[in-house]
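All remarks here apply to the structure that follows.
When reading the values below, keep in mind they use all heavy atoms of this one structure, side chains included, and skip hydrogens, waters and symmetry mates. Here is the naming used below: chain letters follow the sequence lines, and residue numbers restart at 1 for every chain.
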Protein chains: 2
Amino acid sequence: MNLKDLAKALELSQTTVSRALNGYPEVNEDTRKRVETMARKLGYAPNQQARRLATGRSMSIGHVIPRTLHEMMNPIFMEFIAGAGEAYSRLGYDMIISVVEDRQVEATYREIAAKKKADAVMVHGPRNNDKRHLLLKELGIPFLVHGRVPGAESSTSWIDVNNTRAFERATDLLLDLGHRRIAFLNGLENMDFAIRRRAGFERAFQNRGLAPDPSLMRQSEMTEPYGADCALEMLRTDKPPTAFLVSSMISAIGVSRAISLCGLEIGKDVSVITHDDALSFLPNSGEVPIFTCTRSSVRYAGRRAAELLIEKILPDPDTRIEEHLEAELIIGRSTGPRQR
Amino acid sequence: MNLKDLAKALELSQTTVSRALNGYPEVNEDTRKRVETMARKLGYAPNQQARRLATGRSMSIGHVIPRTLHEMMNPIFMEFIAGAGEAYSRLGYDMIISVVEDRQVEATYREIAAKKKADAVMVHGPRNNDKRHLLLKELGIPFLVHGRVPGAESSTSWIDVNNTRAFERATDLLLDLGHRRIAFLNGLENMDFAIRRRAGFERAFQNRGLAPDPSLMRQSEMTEPYGADCALEMLRTDKPPTAFLVSSMISAIGVSRAISLCGLEIGKDVSVITHDDALSFLPNSGEVPIFTCTRSSVRYAGRRAAELLIEKILPDPDTRIEEHLEAELIIGRSTGPRQR
DNA sequence: TTGAAAGCGGTACCAC
DNA sequence: GTGGTACCGCTTTCAA
């Protein structure tokens with residue numbers, strides 16, 4: 001069942017049928033009705049490939065995910081992707097995901113441009129010295145960055161959590177509770193988000209004329225053992241931290257395991273604040289969440305990003321979007337006043 | 001730069017150029033060389049949409065992910081997807097992911113069929129009373145199931161871990177270590193994989209003329225708090241379990257947290273075996289892994305599934321694939337002989 | 001071994 | 001308001 005068949009069945013021209021289906025204004029309302037009814041009856045659906053070829057738009061958005069980035073941020077990606085996916089299907093777009101070796105990223109983007117595989121792309125996990133935005137501009141592919149490319153904040157479109165502010169507020173809370181020896185388990189500090197979080201952490205200290213202890217600041221991929229190992233090591237020193245600020249729930253779980261292993265109680269002997277991306281398989285909600293956290297739903301970010309890309313950037317590729325998502329600071333059971 | 005331009009530059013017909021580029025045998029080798037050189041030089045890449053329209057193949061594989069399934073299995077999906085993605089890009093296919101409301105699944109498949117959006121689809125997370133395979137057969141979309149559809153094992157193509165055997169072996173190990181009160185924290189038992197794991201657990205008992213304690217058997221979505229809450233509750237009874245068999249690393253981390261909270265030591269006072277999907281952000285490796293586990297890489301499963309779908313099923317949609325992946329039973333630090 | 005031309009299934013411009 | 005028709009860029013049949 002294609003357009004020609006449908007037109008024949010209706011004794012109309014393809015042109016009219018196409019116009020009726022695509023909501024062109026010049027079609028007679030009765031005709032449109034007839035066309036729509038018949039289309040439904042015969043189960044007609046326009047062939048995607050044909051439409052794409054004719055319009056020159058692929059009606060899909062590309063997500064090129066470098067392997068190493070994926071390794072690190074797997075669960076966060078998936079949640080973002082899920083959010084974006086909702087918006088895409090609502091707006092009639094397809095999502096194309098390519099997980100590729102890091103050195104293949106450029107080739108993949110070039111291929112997307114050359115073969116017209118996607119109308120726009122989403123850029124994930126910007127880091128220091130990230131060059132992807134330059135390539136995409138050269139290739140003329142519209143894009144939106146989830147996060148910010150250091151140094152290109154004002155020349156690219158982006159949507160990002162206010163990481164600096166979130167971590168400053170979290171640190172402030174710990175300082176207000178009397179904590180001074182605060183451990184900071186950050187993500188890898190070649191990632192933009194980690195750099196910003198660190199800046200927030202340090203700023204909170206500076207604002208009070210204090211300084212964080214560098215020996216309590218770590219950076220790594222945010223796995224569970226990372227949290228546990230760091231915490232164990234720190235808690236076993238002479239001058240253990242009384243609080244932890246952790247960049248991810250997964251590592252925070254590790255920290256909490258370490259605290260238990262040391263025979264200490266979380267929220268009492270040791271305070272913990274974590275960033276909570278609101279991942280579905282790591283719920284931290286309920287009336288009083290387990291972890292005090294800075295929370296920002298990655299899934300929402302995905303949905304919003306997809307909308308912005310399709311509704312703002314695609315219609316006018318020169319628009320620049322800057323959208324801040326504020327993280328909430330939510331008090332849970334893992335924080336309390338300094339004891340020792 | 002399209003085929004016509006390239007042909008013109010070469011002073012050849014589109015036909016010949018197309019044939020040269022697509023490896024048809026009748027082309028003169030010298031001509032082919034010339035064409036390839038020029039194509040590279042001019043940066044020619046065939047327009048995907050046009051090729052798709054002409055061949056009638058979309059060169060993409062669909063993944064329709066019902067929202068509720070996604071919520072539950074998010075990290076596992078992503079790892080599978082990453083594996084599949086590798087294979088897809090190697091084989092020149094695109095991956096289309098649609099995250100949709102559960103009630104939209106059927107409509108989404110119908111749309112894929114009607115609009116020819118994908119040449120085949122991957123079916124994820126089969127459960128009891130799953131009807132997707134029937135729909136796909138009706139629509140004539142080739143597919144491969146990751147897991148098995150209960151009752152359709154011998155009429156559909158699938159790739160699956162040998163869950164029953166893996167959990168039987170794990171249970172055997174615990175029984176050999178003297179454990180009798182073994183808690184079993186399963187995934188939701190409307191999922192096929194969970195049903196099979198439970199069967200393995202029970203069979204190990206039966207083989208020795210024993211029976212598991214039903215009050216120690218639970219099922220739920222495999223979150224961290226699920227593991228922690230169940231374990232806490234069980235460990236605080238008069239007759240606590242001496243071992244836990246857990247369906248996911250994430251819940252196992254919860255169990256381990258609970259064990260610490262009770263002042264007990266994992267691997268000594270209480271043994272734990274978990275299934276380890278080898279997720280990148282939850283490493284459980286090293287010389288002696290933290291958790292004793294049944295391990296099977298979901299990422300590998302994804303890669304293999306994609307290969308099978310494209311290389312076996314697409315060329316001949318009537319082939320039936322049945323592929324078992326064996327899980328390894330790996331001894332870590334979380335198991336030991338019964339103490340009490 | 002190469003080329004001309006007819007599709008593939010739509011969209012959109014130009015007449016009527 | 002409706003229809004004729006020339007594309008979109010590639011594949012493939014048929015002829016040479």
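Between A/Ala45 and B/Glu26, the one whose closest nucleotide on DNA chain C sits nearer the 5' end is B/Glu26.
Proximity of A/Tyr44 to the phosphate of C/dG10: a side-chain N or O atom is located under 4.0 Å from OP1 or OP2. Contact annotation: A/Asn28 side-chain N/O to D/dG1 OP1/OP2 distance is not under 4.0 Å. In this model, the phosphate group of C/dT1 is not approached by any side-chain N or O of B/Thr16 to a distance below 4.0 Å at OP1 or OP2. In this structure, B/Thr15 does not reach the C/dA4 phosphate: none of its side-chain N or O atoms is under 4.0 Å from OP1 or OP2. For the OP1/OP2 pair of C/dC8 and a distance below 4.0 Å, the side-chain nitrogens and oxygens of A/Asn2 include no atom meeting the criterion. The shortest distance between the side-chain N/O atoms of B/Tyr24 and the OP1/OP2 oxygens of D/dT12 is below 4.0 Å. Contact annotation: A/Ser13 side-chain N/O to D/dG4 OP1/OP2 distance is not under 4.0 Å. For the pair B/Asn47 and D/dG9, the criterion of a side-chain N or O lying under 4.0 Å from OP1 or OP2 is not met.
Here the C1' atom of nucleotide C/dT2 and the CZ atom of B/Arg34 are 12 Å apart, to the nearest Å. Distance, B/Gln49 CD to C/dC8 C1': 14 Å, rounded to whole Å. Distance CG (B/Leu12) to P (C/dA4): 11 Å, rounded to an integer number of Å. Put simply, CZ on B/Arg57 is 15 Å from P on C/dG9, counting in whole angstrom units. The CD-C1' distance, from A/Glu11 to D/dG3, rounds to 14 Å in whole Å. Between B/Lys4 atom NZ and D/dT11 atom P the separation is 15 Å, expressed in whole Å. Rounded to whole Å, the distance from CG on A/Leu3 to P on C/dA12 is 12 Å. Rounded to a whole Å, the CD atom of A/Gln48 is 11 Å from the C1' atom of C/dG10.
For an aromatic pair to be called close, the ring centres must be under 6.0 Å apart, and A/Trp158 with A/His133 fails this.
Distance from the side chain of A/Pro46 is smallest to C/dG10 among C/dG10, C/dC13, C/dT1. Looking at the side chain of A/Leu53, the nearest of the listed nucleotides D/dG9, C/dT2, D/dT2 is D/dG9. The side chain of B/Ala54 lies closest to D/dT11 when the candidates are C/dT2, D/dT11, D/dT2.
When heavy atoms are screened at a 4.0 angstrom cut-off, B/Arg52 is found touching no nucleic acid atom at all. Counting any heavy atom pair closer than 4.0 Å across all strands shown, A/Gln14 reaches a base atom. B/Thr55 comes within contact range of the sugar-phosphate backbone alone, with a heavy-atom separation under 4.0 Å but no base atom that close.
At a threshold of 4.0 Å, the pair A/Glu138-A/Arg110 counts as salt-bridged, since one of the basic side-chain nitrogens sits closer than that to a carboxylate oxygen. Using a cutoff of 4.0 Å between basic side-chain nitrogens and carboxylate oxygens, A/Asp160 and A/Arg148 are scored as salt-bridged.
Heavy-atom neighbours of B/Lys116 NZ from other residues, nucleotides or ligands within 6.0 Å: at or below the threshold of 12. Within 6.0 Å of NZ on A/Lys312 lie no more than 12 heavy atoms contributed by other residues, nucleotides or ligands. Around the CZ atom of B/Arg32, the shell of radius 6.0 Å holds more than 12 heavy atoms that belong to other residues, nucleotides or ligands.
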